[in-house]
Amino acid sequence: MPELPEVETIARGLRAVLPGRRFTRVTATWRPMVERSPLDVVQQLPGRRIEEVGRRGKYVVIALVDGAILLVHLKMSGRLYVGAADEPPDPYCRVTFDLDDGGQLRFRDPRKFGRVYLTPDVESVVGNLGPEPLDGGFTETDFLTRLSQRRGWIKSLLLDQTFIAGVGNIYADEALFAARIHPLRRADALGEEQGRRLYAAVRCVLERGIRLNGASLRDGMYRGGSFQTSFCVYSRTGEPCPVCGTAIERARIGQRSAHYCPVCQR
DNA sequence: CTAAAATCCTGGTGGC
DNA sequence: TGCCACCAGGATTTTA
């Protein structure tokens with residue numbers, strides 16, 4: 001579920017409670033979740049103190065006072081939250097981080113896809129990520145140049161984390177709709193006008209997602225939840241396009257579903 | 001370089 | 001109501 005706006009929302013929430021806390025114990029119920037970490041999370045995290053909480057792409061980045069970094073990728077179904085250690089156990093909690101104030105940081109992930117990394121060098125984990133779409137360093141000129149150098153489908157390119165960090169299937173579909181671009185257009189075939197619209201649309205939908213506190217995090221992920229108010233095309237197959245009324249179509253693009261308006265998006 | 005397919009997992013949804 | 005195939009917002013690795 002979490003894409004950039006959702007991860008940003010989660011990181012902001014953690015930032016309010018984690019800085020200053022020290023990890024006292026780590027319990028990994030599901031080993032694969034911590035096995036790709038450069039440093040042993042269970043053995044080496046306890047004793048370290050939290051400096052600050054941030055985000056890079058879809059990673060929650062927890063900087064430690066000694067310079068090491070703890071990164072969490074939530075993948076499809078992960079959630080990070082803080083509670084009291086004596087709260088009822090969560091059957092889907094895969095990694096538990098005990099804190100020095102009696103609190104507990106819990107990594108809940110029903111599908112077990114999530115990963116945790118402890119490393120002295122952040123770049124060893126996030127070094128291949130593309131630019132942060134909401135950073136000042138991400139310029140329209142740079143975006144247009146890099147677009148022109150890629151020949152693949154624009155939808156697949158938006159999902160490529162080495163091209164831009166943080167965009168997932170929902171926001172890719174929403175950005176393409178806002179920019180009125182068909183998901184199967186080739187990146188290098190987009191005109192300058194369309195490239196500009198896409199640049200603005202990507203930032204716009206992500207900012208809106210953050211303003212809504214991670215739109216897809218809200219209550220029901222499905223019908224009746226935030227989809228009814230937050231998204232124009234995602235998961236709305238068959239429903240009328242909010243602009244022209246044509247039924248939204250769904251197609252398989254690069255193993256992922258794409259939702260789009262066949263009339264508005266060209 | 002581009003892209004497809006398989007893979008890691010489980011729970012919810014919708015069709016029958 | 002019950003069963004079951006299918007679907008899922010991610011990303012890497014392998015293969016073509």
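Quick note on labels: first sequence line is chain A, next is B, and so on, each numbered from 1. Just the heavy atoms: all of them, side chains too, but no hydrogens, waters or symmetry mates, feed the values below.
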Inset, instruction - Please list residues of residues 252-261 of chain A whose heavy atoms come under 4.0 Å from any atom in DNA chain C, ordered by number; otherwise none. - result: A:Arg252, A:Arg256, A:Ser257

Inset, instruction - Could you list who else is in A:Phe177's hydrophobic cluster, with ILVMFWY side chains joined at under 4.5 Å, directly or through other members? - result: A:Val233, A:Val243, A:Ile248

Inset, instruction - Check every strand shown and say whether A:Tyr92 touches a base, only sugar-phosphate, or nothing at a heavy-atom separation below 4.0 Å. - result: sugar-phosphate

Legend entry - Gap in Å between the two P atoms, one belonging to B:dC8 and one to C:dC4, rounded: 24 Å

Inset, instruction - Write down the distance between CZ (A:Arg56) and P (C:dA11), rounded to a whole number of angstrom. - result: 12 Å

Legend entry - Atom pair distance, as rounded to whole Å: CG in A:Leu4 and C1' in C:dG10: 14 Å

Pull out every protein N or O sitting under 3.5 Å from an N or O of nucleotides 1-3 of chain B, one pair per line with the distance.
unit_1 : atom_1 : unit_2   : atom_2 : d
B:dT2  : OP1    : A:Arg151 : N      : 3.1
B:dT2  : OP2    : A:Arg150 : NH1    : 3.3

Legend entry - Derivation and outcome, side chain to side chain contact (heavy atoms under 4.5 Å, CB included), residues A:Val41 and A:Val95: CA-CA 10 Å; A:Val41 179; A:Val95 185; 5.6 Å; no

Legend entry - Residue list, side chain to side chain contact (heavy atoms under 4.5 Å, CB included) with A:Arg146, at least two apart or on another chain: A:Pro131, A:Asp142, A:Gln149, A:Phe163

Legend entry - Set of residues satisfying salt bridge (charged side-chain N to carboxylate O under 4.0 Å, His left out) with respect to A:Arg22, sequence neighbours excluded: none

Inset, instruction - Check the side chains of A:Thr162 and A:Asp160 for a donor-acceptor pair under 3.5 angstrom, ignoring hydrogens and angles. - result: yes

Inset, instruction - State, to 0.1 Å, how close A:Gln104 and A:Arg106 come at their nearest heavy-atom pair, and which atoms those are. - result: OE1-NE, 2.9 Å

Inset, instruction - Return the 5'-most residue of the pair A:Gly168, A:Arg36 with respect to DNA chain C, ranking by each residue's nearest nucleotide. - result: A:Gly168

Inset, instruction - Check which hydrophobic residues are tied to A:Leu71 through side-chain heavy-atom contacts below 4.5 Å, counting indirect links as well, and list them. - result: A:Tyr59, A:Val61, A:Ile69, A:Tyr117, A:Val122, A:Val125, A:Val126, A:Leu129

Legend entry - Pairing residues for A:Asp90 by the side-chain hydrogen bond (donor to acceptor under 3.5 Å, both in side chains) criterion, not counting sequence neighbours: A:Tyr81, A:Arg108

Please report, to 0.1 Å, the donor-acceptor pairs under 3.5 Å made by any side chain of residues 204-212 of chain A, with sequence neighbours excluded.
unit_1   : atom_1 : unit_2   : atom_2 : d
A:Arg208 : NH2    : A:Thr229 : O      : 3.2
A:Arg208 : NH2    : A:Ser230 : O      : 3.3

Inset, instruction - Mind jotting down which residue pairs meet the side chain to side chain donor-acceptor pair (under 3.5 Å) criterion with at least one end in residues 27-50 of chain A? Sequence neighbours excluded, please. - result: A:Arg48-A:Asp66

Legend entry - Any A:Tyr171 side-chain heavy atom under 4.5 Å of A:Tyr234 side chain: no

Inset, instruction - Kindly say if A:His73 contacts the phosphate of C:dG10, meaning a side-chain N or O under 4.0 Å from OP1 or OP2. - result: no

Inset, instruction - Would you name the heavy atoms of A:Pro5 and A:Thr9 that are closest together and state the gap between them? - result: O-OG1, 2.7 Å

Inset, instruction - Let me know the distance between CG of A:Asn169 and P of C:dA8, rounded to the nearest Å. - result: 8 Å

Inset, instruction - Take the protein atom CE of A:Met76 and the nucleotide atom P of C:dC6, then report the distance between them rounded to whole Å. - result: 17 Å

Inset, instruction - Tell me whether the OP1 or OP2 atom of B:dG11 has a side-chain N or O from A:Arg108 closer than 4.0 Å. - result: no

Legend entry - Euclidean distance, atom CG of residue A:Leu74 to atom C1' of B:dC9 [Å, nearest integer]: 16 Å

Inset, instruction - Test side chain to side chain contact (heavy atoms under 4.5 Å, CB included) on A:His182 and A:Leu176 and set out the steps. - result: CA-CA 7 Å; A:His182 194 285; A:Leu176 287 171; over 6 Å; no

Legend entry - Those residues of residues 174-181 of chain A lying under 4.0 Å from DNA chain B by at least one heavy atom: none

Legend entry - Test item: A:Leu147 and A:Tyr199 side chains (from C-beta on) under 4.5 Å apart, heavy atoms: no

Inset, instruction - Report the nucleotide, chosen from C:dA8, C:dA11, B:dT10, that has the shortest atom-to-atom distance to any side-chain atom of A:Arg94. - result: B:dT10

Legend entry - Under 4.0 angstrom between A:Lys58 side-chain N/O and C:dA11 OP1 or OP2: yes

Legend entry - Which nucleotides of DNA chain B pair, in dot-bracket form (Watson-Crick or G-U under 3.5 Å, | meaning another strand): .|||||||.|||||||

Legend entry - Gap in Å between the two P atoms, one belonging to C:dC7 and one to B:dA5, rounded: 14 Å

Legend entry - Atom-pair distance (OH on A:Tyr171; P on C:dA8), nearest Å: 18 Å

Inset, instruction - Rounded off to whole Å, could you give me the CG-to-C1' distance for the A:Asp109 and C:dG10 pair? - result: 11 Å

Legend entry - Ring-base stacking, A:Phe113 with C:dA11 (5.5 Å, 30° cut-offs): no

Legend entry - A:Ile170 CD1 - C:dA8 C1' separation (whole Å): 10 Å

Legend entry - Partners passing salt bridge (charged side-chain N to carboxylate O under 4.0 Å, His left out) against A:Lys58 (at least two apart in sequence or in another chain): none

Inset, instruction - Return the nearest nucleotide to the side chain of A:Arg111; candidates are B:dG11, C:dA11, C:dA8. - result: C:dA8

Inset, instruction - May I ask you to verify if any side-chain N or O of A:Lys112 is less than 4.0 angstrom from the OP1 or OP2 atom of B:dT10? - result: yes

